[in-house]
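Below is one structure; the comments refer to it alone.
Here is the naming used below: chain letters follow the sequence lines, and residue numbers restart at 1 for every chain.
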Protein chains: 2
Amino acid sequence: MAKTSERKADLISAAQRALAEHGSAVRLNQIAEAAGVSSGAILYHYAGIDELLVEANRAGMERFYNERLEMIASIPDPAERLERIISLGVPRSAEDEDVRLLCSLGGEAARNTMYAVLLTSLYDRQVGLYQGILELGVSQGVFHLAQGSLTIARNLVALEDAYGYRIIAKHPTLDYSSAVDLILEYARLATGHALLTSKPASKAHPRKITTIQPRRENQ
Amino acid sequence: MAKTSERKADLISAAQRALAEHGSAVRLNQIAEAAGVSSGAILYHYAGIDELLVEANRAGMERFYNERLEMIASIPDPAERLERIISLGVPRSAEDEDVRLLCSLGGEAARNTMYAVLLTSLYDRQVGLYQGILELGVSQGVFHLAQGSLTIARNLVALEDAYGYRIIAKHPTLDYSSAVDLILEYARLATGHALLTSKPASKAHPRKITTIQPRRENQ
DNA sequence: ATAAAAACTGAATCTCAGTTCAGATTATTA
DNA sequence: TAATAATCTGAACTGAGATTCAGTTTTTAT
């Protein structure tokens with residue numbers, strides 16, 4: 001047993017894990033199993049599965065955004081900050097939970113207004129973040145933008161999103177470092193700054209990709 | 001009644017329509033209704049619903065690719081060809097069937113190898129297409145690439161994909177023409193060519209967006 | 001025109017997942 | 001400690017959707 005507030009956090013975390021593993025078609029039982037409780041316990045805290053899924057997805061997005069926000073806060077140099085935020089936005093492997101979550105939502109957004117709003121909001125916030133970095137660089141004289149900062153910011157976030165999908169789909173040659181390089185190439189062109197050569201940026205919460213898990217395929 | 005070969009084409013078409021409307025969680029009955037037959041009739045031609053869905057998705061991708069291939073074949077100027085293929089790859093509205101289909105597959109690809117392979121193949125073919133146009137432009141002296149043609153091609157296709165998702169998610173300000181403009185801005189920068197000002201390119205098969213359909217939301 | 005094959009229907013079946021709930025277990029309060 | 005409230009379980013219920021199939025209609029072949 002646990003207090004409702006604590007248990008809700010557990011359930012959201014379990015839902016995120018189950019979501020990353022089974023996609024948007026997760027079953028209540030799968031979440032219950034991930035949480036180590038019965039399905040009834042979940043329905044004690046949430047009116048229905050949809051309510052929990054929305055909370056889990058929202059929390060996952062917030063984490064994806066805030067994590068990066070914190071990790072670049074201490075970096076003073078705009079160029080390094082830009083390079084770092086890009087490398088943090090690309091999934092390291094097809095098993096990245098956060099990005100898997102986001103990818104599975106992309107398709108839902110067409111039919112579910114809530115998810116559409118959440119994704120749109122995340123995109124816009126990321127654009128704002130990038131735009132801030134770009135303009136900081138301009139004011140410090142290190143960036144010489146070839147295009148408007150909004151244009152560059154939008155395109156950078158778009159590239160990040162798209163390569164996330166490619167990596168989640170296990171593109172045979174387009175892996176993490178090539179994706180980062182591709183985005184950086186555009187960033188160099190648009191900012192007139194050589195930026196850093198892409199070096200492996202350590203992630204705060206290393207994904208658990210050490211153990212190879214048995215894969216379950218549909219059909 | 002119809003011959004198996006003809007009926008299969010009908011069913012694939014119906015499945016595509018149902019897929020665009022209901023997403024990857026389409027029901028057999030929904031496809032049957034779209035095709036105007038009973039669910040049993042579908043199972044007469046296909047062993048299961050998954051088999052039909054794979055065929056429908058594959059055919060949808062082929063159409064998405066081949067349609068554009070044909071429409072630019074008659075355009076001699078590389079710059080105009082590039083501009084045209086970009087404007088044809090971005091969905092005109094959130095109701096675009098082809099792109100809705102592709103978006104709903106993006107999330108599935110994480111768990112379904114078949115869809116992952118199909119999407120990867122589509123991406124690579126599009127990249128090849130773009131790369132060919134870029135190098136044609138170079139050989140004619142109209143493009144002066146600021147980056148490798150593979151880099152530019154990959155980034156252009158990635159941008160196209162990402163803005164497709166934004167439009168499907170009904171971004172309030174990022175509509176068709178702004179998305180095309182954003183991609184063209186990168187294309188200009190990377191090719192050193194002013195390209196064309198984005199003018200509305202007529203699509204071969206105008207989507208049926210004239211009638212406003214009642215929307216059904218989840219939750 | 002008639003027989004055989006193909007295509008199809010509609011109902012029955014089966015399975016599975018979400019939800020409900022009566023009772024058990026654990027925590028909290030007095 | 002006793003009483004009350006909160007949390008949870010496991011079984012039963014419910015509905016939806018995939019699949020099967022016996023029989024019907026349509027097409028094709030002779």
Side-chain angles (χ1 to χ4, degrees), chain A residues 1-57 104-105 107-108 111-112 114-115 216-219, chain B residues 1-57 104-105 107-108 110-112 114-115 214 216-219:
Chain A
M1 273 200 192
K3 263 188 289 191
T4 280
S5 56
E6 296 164 357
R7 179 45 50 97
K8 276 202 170 187
D10 289 347
L11 294 181
I12 287 175
S13 166
Q16 287 172 344
R17 271 175 283 133
L19 221 27
E21 188 182 348
H22 302 103
S24 52
V26 232
R27 306 299 161 192
L28 180 58
N29 290 327
Q30 294 168 329
I31 300 176
E33 188 184 7
V37 298
S38 71
S39 63
I42 293 178
L43 277 313
Y44 174 79
H45 295 283
Y46 293 92
I49 186 178
D50 288 345
E51 193 179 311
L52 170 57
L53 288 182
V54 169
E55 275 208 37
N57 280 310
S104 67
L105 281 192
E108 297 299 300
R111 264 151 271 97
N112 189 316
M114 175 63 79
Y115 290 140
R216 201 176 320 156
E217 301 287 351
N218 298 339
Q219 57 187 314
Chain B
M1 273 198 191
K3 262 187 291 192
T4 280
S5 57
E6 297 164 357
R7 178 45 50 97
K8 277 202 169 187
D10 289 347
L11 294 181
I12 287 175
S13 167
Q16 287 171 343
R17 271 174 284 133
L19 221 27
E21 190 182 346
H22 302 104
S24 50
V26 231
R27 306 299 162 192
L28 180 58
N29 290 329
Q30 294 168 330
I31 300 176
E33 188 183 8
V37 298
S38 71
S39 63
I42 293 178
L43 277 314
Y44 175 78
H45 294 284
Y46 293 93
I49 187 178
D50 289 345
E51 192 180 312
L52 170 57
L53 288 182
V54 169
E55 275 208 36
N57 281 310
S104 67
L105 281 192
E108 298 298 301
R111 274 158 307 285
N112 189 315
M114 175 65 76
Y115 291 139
R216 201 177 319 156
E217 301 287 350
N218 299 340
Q219 55 189 311

Considering only heavy atoms from C-beta outward, does the side chain of A:Leu11 approach that of A:Val37 to under 4.5 Å? yes
Specify the separation, in whole Å, of atom CD1 of B:Ile31 and atom C1' of D:dT19. 14 Å
Nearest-Å distance, NE2 (B:His22) to P (D:dA18)? 12 Å
Length of the line joining A:Leu53:CG and C:dG18:P, which is rounded to integer Å: 9 Å
Within the structure provided, determine whether A:Tyr44 and A:Arg7 are in side-chain contact (heavy-atom separation under 4.5 Å). no
Starting at CD of B:Glu51 and ending at P of D:dT19, how long is that distance when rounded to a whole Å? 10 Å
Where do B:Gly48 and B:Leu43 come nearest, in terms of heavy atoms and distance? CA-CD1, 3.8 Å
To the nearest angstrom, how far is A:Ile42 atom CD1 from C:dA17 atom P? 14 Å
Between A:Tyr44 and D:dT7, is there a contact of a side-chain N or O with OP1 or OP2 at under 4.0 Å? yes
Figure out the CD1/C1' separation between B:Ile49 and D:dT19, and round it to whole Å. 11 Å
A:His45 side-chain N/O to D:dC8 phosphate OP1/OP2 under 4.0 Å: yes
Between A:Arg27 and A:Ala47, the residue closer to the 5' end of DNA chain C by nearest nucleotide is A:Arg27
Nearest-0.5 Å distance that lies between atom CG in A:Leu105 and atom CG in A:Asn57: 4.0 Å
Separation of D:dT9 C1' from A:Glu33 CD (nearest whole Å): 16 Å
So which heavy atom on A:Ser104 is nearest to which on B:Arg111, and how close? CB-NH2, 4.2 Å
Please tell me which of the listed nucleotides, D:dT9, C:dT9, C:dT19, lies nearest to the side chain of A:Val37? D:dT9
Measuring to OP1 and OP2 of D:dA6, would you say a side-chain N or O of A:Arg7 lies under 4.0 angstrom away? no
Rounding to an integer number of Å, can you tell me how far B:Leu52 CG sits from D:dT19 P? 11 Å
Of A:Ala41 and B:Leu28, whose nearest nucleotide on DNA chain D comes first from the 5' end? A:Ala41
